[in-house]
Amino acid sequence: MFCMDLRSDTVTLPSLQMREAMCKAEVGDDVYMDDPTVKILESKAAELTGKEAALYVTSGTMGNITALLSHDIHGYSVMAGKDSHIANNEGGGISTIAGAFCQQVIDDSGLPLVSDMELIFKNSSNVHHAPSKLLCIENTHNKRGGMASTVAEMKVCADWAREHKMLIHLDGARIFNASIACGEKVSDYCALVDSVQICLSKGLGAPVGSLVCGAKDYIEKARFWRKRIGGGLRQVGIIAAAGIYALDNNIERMALDHSNAAFVKKMFLDAGIETLDVARPTNMVYFKINDASKTNELLSACAQRGVKFGSTAPAAYRIVFHLNIDSESAISAANIIIEEIKRIGD
Ligand SMILES: *Cc1c(COP(=O)(O)O)cnc(C)c1O
């Protein structure tokens, strides 16, 4: 049966070549810093992001919390977009694990709004305040439809944070998508921030893993925090090899995911289906139907025909393109969704 999983770009399966690279990986105990494959992966990530060092972690969520903990935010305020992954989708770790107060900033444009940051900024001269110490930026912005921001746009936020003596963390789960969509270098984005978390298991197609990148002494600290929260790994080169393969082979091809998403968005528009407008779109399409009572009916009708995706709110859906979906399958999947929307009589 036709089978297309459009729920996320996390669903990709490792290719035979990737598995071969894993099979051949040289390994050692990475807690003793003896794993040569992990070292190669970490130095590649440091080079790509233009940072001095990098640390391999199991997931994006672990990468973000390790990065935040390593900025010593306990007892401080941290600004994050109100629709950001860090504020909404990481179990509240920012407060429960890192002990910081999360100030949620308006991020309708995909980036924290400077005038709103100005309003909620807490300075350290007032005894009532938990001072604002760190700003988190997400690029691409998942809930804004996978919107990519340019380096110049990000710099406006970063400059404001610097003027206010704040540190900056970039949740770059999909920074490679942003780089491709905007024609910018990943390292130019990362030059604006103190730390960045990049995901290998999204568009890059590795089964596991993320990296935290930053200055050398900062990454030393992150190594300590990773161990403290139980993230020290042993012969992990076996999966780090998949990450190396992903960085070597799967970056440029993400442009195809973006063109598939753009093509499908046009198909939806031509069929009269409402889609979320995104200034610089990447590999996602958010779309809507009119009748909220039919939310689940559409999902199950499409799933029965082999097309899986998720709803983000009543009557609203997200589909995500990734390396297991070629252009032909993207079009077939979109046709099935369009037919089912028509059939359920929305
Ligand atoms: C997926 C994602 C993460 C976290 O990644 P996991 O590996 O699922 O923990 C962080 N930030 C953003 C924007 C994401 O989309």
Side-chain angles (χ1 to χ4, degrees), residues 5-12 14 41 45 49 55-69 78-94 96-98 102 104-105 107 109-112 134-149 154 157 168-179 181 186 189-190 193 195-213 226 229-231 233 236 239-240 242-243 246 254 257 261 278 280-286 309-310 312 318-323:
D5 195 342
L6 304 169
R7 285 174 299 173
S8 176
D9 45 11
T10 58
V11 301
T12 56
L41 174 63
T49 56
L55 183 75
Y56 189 42
V57 293
T58 54
S59 69
T61 301
M62 180 176 264
N64 282 334
I65 197 68
T66 302
L68 265 49
L69 286 162
V78 170
M79 291 189 190
K82 69 177 171 49
D83 283 331
S84 67
H85 199 276
I86 286 183
N88 293 281
N89 297 87
E90 302 188 5
I94 196 167
T96 57
I97 302 174
C102 183
Q104 300 197 19
V105 189
D107 57 352
S109 73
L111 288 172
L134 176 76
L135 169 66
C136 299
I137 297 176
E138 182 174 316
N139 194 10
T140 65
H141 195 300
N142 189 344
K143 290 220 171 112
R144 287 284 96 71
M147 158 128 176
S149 296
M154 234 179 82
C157 294
I168 310 170
H169 172 68
L170 171 61
D171 179 356
R174 296 189 180 84
I175 194 65
F176 291 97
N177 294 88
S179 143
V186 167
Y189 287 110
C190 297
V193 303
S195 56
V196 55
Q197 180 277 123
I198 60 172
C199 280
L200 300 168
S201 64
K202 301 263 165 97
L204 289 168
V208 182
S210 277
L211 291 127
V212 180
C213 311
R226 183 188 67 174
I229 60 175
L233 300 166
V236 73
I239 53 172
M254 284 197 285
D257 303 336
V278 175
R280 266 172 305 280
T282 52
N283 64 333
M284 302 175 181
V285 179
Y286 279 66
F309 54 95
T312 53
R318 180 186 80 163
I319 54 178
V320 186
F321 295 90
H322 53 73
L323 104 176

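Computed from heavy atoms alone, side chains included, the values below leave out hydrogens, waters and symmetry copies. Atoms within a ligand are numbered from 1 in the order they appear, just like the ligands themselves.
Residue-to-ligand polar distances place Gly60 within reach of ligand 1: an N/O pair is separated by less than 3.5 Å. Taking distance alone, with nitrogen or oxygen atoms compared against 3.5 Å, Ser210 stays at or beyond that limit from ligand 1. For ligand 1, the polar-atom distance check against Thr140 finds no nitrogen or oxygen pair separated by under 3.5 Å.
Looking at Met147 and Thr140, their side chains never come closer than 4.5 Å, going by heavy atoms from C-beta outward. Annotation: side chain of Met154 is in contact with side chain of Leu170 (closest heavy-atom distance under 4.5 Å). Counting only heavy atoms from C-beta outward, the side chains of Asn89 and Lys143 approach each other to under 4.5 Å.
Contacts with ligand 1 closer than 4.0 Å are made by heavy atoms of both the backbone and the side chain of Thr61. Counting heavy atoms under 4.0 Å from ligand 1, residue Ile86 does not touch it at all. Heavy atoms from both the backbone and the side chain of Ser59 come within less than 4.0 Å of ligand 1. By the criterion of a heavy-atom distance under 4.0 Å, neither the backbone nor the side chain of Met62 is placed next to ligand 1.
For ligand 1 and Glu138, the ligand atoms under 4.0 Å from any heavy atom of the residue are 13 (C). Every atom of ligand 1 is numbered from 1 in the order shown, and the set under 4.0 Å from a heavy atom of Asn64 is 10 (C). Under a 4.0 Å criterion applied to the non-hydrogen atoms of Asn142, ligand 1 contributes the atoms 15 (O). Taking a cut-off of under 4.0 Å to the non-hydrogen atoms of Arg174, the atoms of ligand 1 that pass are 15 (O).
Of the listed residues (Asn88, Thr10, Asp171), the one carrying the non-hydrogen atom nearest atom 11 (N) of ligand 1 is Asp171.
With rounding to the nearest 0.5 angstrom, the CG atom of Asp9 is 8.0 Å from the CG atom of Asp257. Atom CD1 of Ile86 and atom CD of Gln104 lie 11.5 Å apart (nearest 0.5 Å). Note that CD1 of Ile239 is 4.0 Å distant from OH of Tyr56, once rounded to the nearest 0.5 Å. We find the CE-CG distance between Met254 and Asn177 to be 4.5 Å, quoted to the nearest 0.5 Å. Here the CG-CD1 distance, from Leu204 to Ile198, works out to 7.5 Å after rounding to the nearest 0.5 Å.
For His169 and Asn64, the side-chain atoms include at least one donor-acceptor pair closer than 3.5 Å.
What sits closest to atom 2 (C) of ligand 1 on the protein, heavy atoms only, is Lys202 NZ, 2.2 Å. When only non-hydrogen protein atoms are considered, atom 10 (C) of ligand 1 lies nearest to His85 ND1, 3.2 Å.
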